[in-house]
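Taking it in order: structure first as structure tokens, then the write-up.
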Protein chains: 2
Amino acid sequence: MKLHQLRYLAAVADNELNITAAARALGTSQPGVSKQLRLLEQELGFDLFDREGRNLTRLTPAGRRVLERARRILDETRNIKRLSEEFRDERRGSLSIATTHTQARYVLPAVIKQFRREYPEVKLHLHQGTSEQIAQLAAEDRVDFAIATGSDEQFPGLVLLPCYRWHRDIIVPAAHPLSRLERPTLKDLSRHPLVTYVFSFTGPSSLAGLFEAAGLPMDVALTARDADVIKTYVRLGLGVGIVACMAMQEGEDQDLVTLDGSHLFPEHVTWIGVRRGRMLRNYMYDFMRLFAPHLTRRIVDQALRAGGGAATAQVFEPVRLPRY
Amino acid sequence: MKLHQLRYLAAVADNELNITAAARALGTSQPGVSKQLRLLEQELGFDLFDREGRNLTRLTPAGRRVLERARRILDETRNIKRLSEEFRDERRGSLSIATTHTQARYVLPAVIKQFRREYPEVKLHLHQGTSEQIAQLAAEDRVDFAIATGSDEQFPGLVLLPCYRWHRDIIVPAAHPLSRLERPTLKDLSRHPLVTYVFSFTGPSSLAGLFEAAGLPMDVALTARDADVIKTYVRLGLGVGIVACMAMQEGEDQDLVTLDGSHLFPEHVTWIGVRRGRMLRNYMYDFMRLFAPHLTRRIVDQALRAGGGAATAQVFEPVRLPRY
DNA sequence: TACAGTTACGGACCGCGTAAGCATA
DNA sequence: TATGCTTACGCGGTCCGTAACTGTA
């Protein structure tokens, strides 16, 4: 059994059992992969794949078990590689973060500014996507961590570290009748067309559910994927905007009035998701501290260790989670 | 990085950093090991070992971190090998158990008899030793499991599965004055010389501690490592024997009188210890069931998984632990 | 005919073992 | 002088890529 045989096995599994595609992804030849898999099957004494003619159709039960172990081995080889980078130069490396628009646009800039001052030699990579895409990227070890909200428990490979709580606010142009209210109610809102996030309509804490539970009608004028678009259309008078409170920052958007929505909308928690069992570079711990000061190295290590064997995403619950 | 380089690293660490000894243990040449370790260090970019002249004196901190990861990888390769054996023929294989005299002599025979009927093709290996030696063997992956009593929390690499509770009994020749008592007290015992286990004198639940707490003198005539020796000297009239209740079985030792000691001596728990993260063969689960019926596959898997990342030995506590 | 996997083959590389060299106690 | 690591070197196996072949949609 060779490491690269396990690597080939994983690559084939990750490429819909297409050996050619796997070989391309591995940067090697297709016959090589084919042969090494055969050799591995021969050494183990059983088939890893079911075959129809020459094509692979699926993993055998035994193959799934082997793949599971192989992945752990490959994870650890990557961790050793990271160790090597860490001990060579702990101030140099790369940090890949997958995150949502809201984080990337409003929350992360301040953190990243400080991080870059601290670690000028660390190359940063930001990937924007939906919560699901983000968690997926982290679970596949293609980014160092994911920063997102919601979707707990959907990703068994991840350990989720809660960072802060937040809520939605209401935004209107200064001239809008709602701008004069201190504490608008759902009923007030239901009298105006709404402009909000697409994903506010999925899940149990959806806006739709909220209005329905209150027996109120809801008129949605526009759904967008990010707060910038929402703000634009609120300015055009298309309706009342509902955005994450992080999107409204001191000194910006002076033409809009922000009304606190914490009494109307449920709280959300933004977390950092790390693939279970992953080794973190020193600067990654420091990044977490900058993003969420309660995430000390001790706390993070403990959460990562505890998440070692569970079937669902692990959520570490601090004593008191700060509000944004 | 190659698997065998990691294997060499582990072997050198396991042989007091003596490359020659490691090479011998690996069945390969010393220069080969030396060279591969150098290559690994070169690839990683830092030293794994501190050297004085040409001799290795200790692992570097980085080396320790790498070794830790390497061991996990090697564990998983062994697990894959076990998978291979399991899928080739789930009724054939080997089962190595390290255990104490009491288990091997009195408890295991019945279990093993039934196990051999069920799995005639599984080769059995029994290793006898003290609790500490036993736990050590399991922690080093040199046996499949350890069966012993006490010594909890001493072996961070092990998951301990409690099997049954037991206590010590008192044995005397039929003619002995104590044989007429229903419920002898510590005071009764203190009037006679005692014959018991060596290891009953270590630890917090020691006999010595018991007598001392009661303010009673204790006269120890003989200490032995096993119940057979104790019985022999009790028969010679050397004193009153104190042995594990498992050592007194129905229909045997008819010349001796057994007095229940559960009201005098504290309870002990016998466990099966398994190295954390280890894959178990089907027949190993079955062996556990035979030994302790409450250890179902589900329960064992759960305990093994939960023990994935803890720093001390994990003890799985069932709702109700049977008495022997 | 395009596509995917297997078989065949030559070349490069690599790890092993032997033998010799060198440092330390 | 014994022990233990390193260097040097030749052999054999292995892995890779190319090319040709085979079976399937």
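Within every chain, numbering begins at 1; the chains are lettered A, B, ... in the order of the sequence lines, protein sequences first and strands thereafter.
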Heteroatom pairs (N/O) under 3.5 angstrom, protein to nucleotides 23-25 of chain C:
none

Using a strict cut-off of less than 4.0 Å between a Lys/Arg side-chain nitrogen and an Asp/Glu carboxylate oxygen, indicate whether B:Lys35 and B:Glu41 qualify as a salt bridge.
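No, no charged N to carboxylate O under 4.0 Å.
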Check B:Arg91 with B:Glu121, please: is the shortest side-chain N to carboxylate O separation under 4.0 Å?
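Looking at B:Glu121 and B:Arg91, the cut-off is not met.
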Distance flag, aromatic centroids of B:Tyr119 and B:Phe287, threshold under 6.0 Å
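No, the ring of B:Phe287 stays outside the 6.0 Å limit from the ring of B:Tyr119, centre to centre.
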Phosphate-side-chain proximity, [X] and [N], N/O vs OP1/OP2 below 4.0 Å:
X       : N      : answer
B:Gln30 : D:dG4  : no
B:Ser29 : C:dT18 : no
B:Lys35 : C:dG15 : no
A:Asn18 : C:dC3  : no

If you find the nucleotide of DNA chain D closest to B:Arg51 and the one closest to A:Gln5, which residue's nucleotide is nearer the 5' end?
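Mapping each residue to its closest nucleotide by heavy atoms, the 5'-most match is B:Arg51.
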Considering every strand and a 4.0 Å limit on heavy-atom distances, what is the contact class for [X]: base, sugar-phosphate, or nothing?
X       : answer
B:Leu26 : nothing
A:Phe49 : nothing
B:Leu37 : nothing

What integer distance in Å separates [X]:[atom1] from [N]:[atom2]?
X       : N      : atom1 : atom2 : answer
A:Ile19 : C:dT7  : CD1   : C1'   : 14 Å
A:Gln36 : D:dT14 : CD    : C1'   : 8 Å
A:Arg38 : C:dA4  : CZ    : C1'   : 13 Å
A:Leu39 : C:dT7  : CG    : P     : 11 Å
B:Asn15 : D:dT3  : CG    : P     : 17 Å
B:Lys2  : D:dT14 : NZ    : P     : 14 Å
A:Tyr8  : D:dT14 : OH    : C1'   : 12 Å
B:Leu3  : C:dC14 : CG    : P     : 17 Å

Testing the 3.5 Å rule here: is there a donor-acceptor pair between the side chains of A:Thr20 and A:Arg24?
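Looking only at side-chain atoms, A:Arg24 and A:Thr20 do not form any donor-acceptor pair under 3.5 Å.
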Check every atom of C:dG15, D:dC15, C:dG5 against the side chain of A:Thr20 and return the nucleotide holding the closest atom.
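So the nucleotide nearest the side chain must be C:dG5.
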Would the distance check show the side chain of A:Arg278 and the main-chain N or O of A:Glu76 forming a donor-acceptor pair, the cut-off being under 3.5 Å?
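Side chain of A:Arg278 to backbone of A:Glu76, a donor-acceptor pair under 3.5 Å: no, none is there.
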What residue among A:Arg82, A:Arg276, A:Arg71 forms salt bridge (charged side-chain N to carboxylate O under 4.0 Å, His left out) with A:Asp141?
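That would be A:Arg82; it is the only one of A:Arg82, A:Arg276, A:Arg71 passing the salt bridge (charged side-chain N to carboxylate O under 4.0 Å, His left out) with A:Asp141.
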Could you label the plane-to-plane angle of the A:Phe115 and A:Tyr283 rings as parallel, tilted or perpendicular, counting under 30° as parallel and over 60° as perpendicular?
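Answer is perpendicular, since the angle exceeds 60°.
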